[in-house]
2 protein chains.
Amino acid sequence: MSVALAAVYQHPLLSDRDLQVIFAAHQLKSFKKGDFLLQKGQTSKAYFCVEEGLIRSYVYDYNGNDITTGFIGKNEIAIDVVSLFTGVPSEEYLQALTDCQCYMIDLETLQELYHSIKGLNEWGRAWMSGSLFALKQRTIAMITESASARYRKLEIQHPQILQQAPLKFIASYLGVTDSSLSRIRKELCKST
Amino acid sequence: MSVALAAVYQHPLLSDRDLQVIFAAHQLKSFKKGDFLLQKGQTSKAYFCVEEGLIRSYVYDYNGNDITTGFIGKNEIAIDVVSLFTGVPSEEYLQALTDCQCYMIDLETLQELYHSIKGLNEWGRAWMSGSLFALKQRTIAMITESASARYRKLEIQHPQILQQAPLKFIASYLGVTDSSLSRIRKELCKST
DNA sequence: TTGATTTCTTGTCCTAGGGCAAGCGCTAAC
DNA sequence: GTTAGCGCTTGCCCTAGGACAAGAAATCAA
């Protein structure tokens, strides 16, 4: 049984039986480095629980800048919530930064589970709440913290991202240029 | 029947009958300017649909800065999603910037409706998706746009906020100081 | 191996916006 | 009245980080 799925679907209202049904509804998918799990313009029909590897989500802003909106690693969910749940074409890309193993579940199957497993709706709400919270924290950090502080936090909270993602993506995620990030790292090395 | 509630609960899966039941589950509450709908440390037990007035949500960051995380106006929902749906104490404050009329629904009643009205779960997911989307847009704007561009956007999209909220709150929402915002406004006046 | 591409660093110069402090209306309280 | 306290503006100086461009260093292709 998958470690990733067990980690993702942790919730007091989900029994072991529920979990077995949920697990059985997922299919294992492999992606090569560079593969897209979702591209702009497509309407998302599924989401992916990451068992192994690292995914990057990004958008192009109206200036054509490639902006990394997030990294999705082990035991996390790669999803475009808006596209999946409102049926509109996606604004963002989900791309594998490394070779990946993911457990996929499609919307139709998910909807059925929502009806048959009571706790799953609660789990979904809790998961979304968590996402909203994380994003709000990020927005506040963008306002109140220096680039260097944001980098240090990422270093502590998600060290695997620093190892697996190229610096330019980390830079756009942190809201700085890659040159600036390079300088920030130099400073941090010096001061240690 | 309330205009605000009709606007808030717009969804293809909600029938007129559903809406009547939903409406009946809300209670009208009045708040005076300065009243708190929710304070840090309290565990949220309800949310509020704004019929009239303007609410500000804010947090203190770890430096003690008061950061405006959002404005909630007419036909919008004032809620701390995280606290309400995961039962943890709130990190943020919800405060009335003006006298307000709101329709309140408590968590318990909401849970019952989730069970009795099928479409409501879908509506909830759609609403959360929308919130996530809006917040993501805001984060991207914080990265890629100048303070002045962010101000102009707010001016166009939510003119009532500019009229009803003091400048310092708008400034912290936009991620600048009130002095800077004052200068930005001067520039914009000149160039018009 | 060798060229090509991407990744990362570094330099120079420049600007948006912060920090701080003063000033100038307002309205509210006494 | 006048004193206090917001809300907003302005001036002066300073710094974090952007723009652009030129190298290293690493990776990949053939």
Side-chain angles (χ1 to χ4, degrees), chain A residues 32-35 54 56 58 61-68 71 95-99 139-155 160-192, chain B residues 32-34 54 56 58 61-68 71 95-99 139-155 161-192:
Chain A
K32 289 266 163 229
K33 176 175 177 174
D35 284 355
L54 187 65
R56 178 175 82 105
Y58 67 98
D61 73 6
Y62 71 103
N63 291 319
N65 304 312
D66 166 333
I67 307 289
T68 300
F71 295 100
Q95 187 179 27
L97 280 184
T98 65
D99 292 356
T139 307
I140 293 170
M142 295 298 305
I143 294 178
T144 62
E145 289 173 30
S146 68
S148 144
R150 298 197 300 271
Y151 177 80
R152 283 191 306 258
K153 204 192 260 177
L154 187 68
E155 202 173 23
Q160 81 287 3
I161 292 175
L162 298 195
Q163 283 143 28
Q164 297 185 295
L167 185 135
K168 65 177 170 182
F169 295 151
I170 298 171
S172 79
Y173 178 71
L174 293 176
V176 295
T177 59
D178 47 353
S179 327
S180 285
L181 184 51
S182 180
R183 280 185 257 265
I184 285 166
R185 303 216 295 180
K186 188 166 67 168
E187 275 312 304
L188 289 182
C189 284
K190 257 198 279 180
S191 66
T192 323
Chain B
K32 289 266 163 230
K33 175 175 179 175
L54 187 65
R56 177 174 82 106
Y58 67 99
D61 73 6
Y62 71 104
N63 291 319
N65 303 312
D66 167 331
I67 306 289
T68 300
F71 295 101
Q95 187 178 27
L97 280 184
T98 65
D99 291 356
T139 307
I140 293 171
M142 295 299 304
I143 294 178
T144 62
E145 288 173 31
S146 68
S148 141
R150 299 198 299 274
Y151 177 81
R152 282 192 305 256
K153 206 192 259 178
L154 187 68
E155 202 172 24
I161 292 176
L162 298 195
Q163 283 144 26
Q164 298 185 300
L167 184 134
K168 64 177 171 181
F169 296 152
I170 298 171
S172 78
Y173 177 72
L174 293 176
V176 294
T177 59
D178 48 353
S179 329
S180 285
L181 184 52
S182 180
R183 280 184 260 266
I184 284 165
R185 302 215 297 182
K186 187 166 65 169
E187 276 311 304
L188 289 182
C189 283
K190 256 200 276 179
S191 65
T192 322

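Per chain, numbering begins at 1; letters A, B, ... match sequence-line order. Fair warning: this is a prediction, and the values are worked out from it, not measured in the lab.
OP1 and OP2 of dC8(C) both lie 4.0 Å or more from every side-chain N or O belonging to R185(A). Applying the 4.0 Å criterion to OP1 and OP2 of dT10(C), one finds that K186(A) has a side-chain N or O inside that range. Contact annotation: K168(B) side-chain N/O to dC8(D) OP1/OP2 distance is not under 4.0 Å. Taking 4.0 angstrom as the limit, S180(B) places none of its side-chain polar atoms (N or O) nearer than this to OP1 or OP2 of dG17(C).
Straight-line distance from the CD1 atom of I184(B) to the C1' atom of dG18(C): 12 Å, rounded to whole Å. When the P atom of dG18(D) is taken as reference, atom CE of M142(B) falls 13 Å away, rounded to whole Å. Between the P atom of dG17(D) and the CD1 atom of I143(B) lies a distance of 13 Å, rounded to the nearest Å. Put simply, CG on L181(B) is 10 Å from C1' on dC8(D), counting in whole angstrom units. Taking atom CG on L97(A) and atom C1' on dT6(C), their separation rounds to 14 Å, with Å as the unit. Remark: P of dT15(C) and CD of E187(B) are 14 Å apart, rounded to the nearest angstrom. Atom CG in D178(B) sits roughly 13 Å away from atom P in dT10(D) (whole-Å rounding). Straight-line distance from the CD atom of E145(B) to the P atom of dG18(D): 15 Å, rounded to whole Å.
For dG18(C), the base has no donor-acceptor partner in the side chain of R183(B) [N/O atoms by modelled type, under 3.5 angstrom].
For T177(B), the listed nucleotide lying nearest its side chain is dG18(C); candidates were dG11(D), dG7(D), dG18(C). Ranking dC8(D), dG11(C), dG7(D) by closeness to the L167(B) side chain, first place goes to dC8(D).
Judged purely by distance below 3.5 Å, without hydrogens or angles, the side chains of R152(B) and S148(B) pair a donor atom with an acceptor atom.
Checking side-chain atoms of T68(A) against main-chain N and O of S172(A) turns up no donor-acceptor pair under 3.5 Å. Side-chain atoms of T139(B) do not come within 3.5 Å of backbone N or O of T139(A) as any donor-acceptor pair. Within the 3.5 Å criterion, the main-chain N or O of L174(B) finds a donor-acceptor partner in the side chain of R150(B). At least one donor-acceptor pair closer than 3.5 Å links the side chain of D99(B) to the backbone N or O of K33(B).
The nearest heavy atom of DNA chain D to S179(A) and to P166(B) marks one nucleotide each, and the one closer to the 5' end goes with P166(B).
Residue S146(B) is in sugar-phosphate contact alone, with no base atom involved, counting any heavy-atom pair closer than 4.0 Å across all strands shown.
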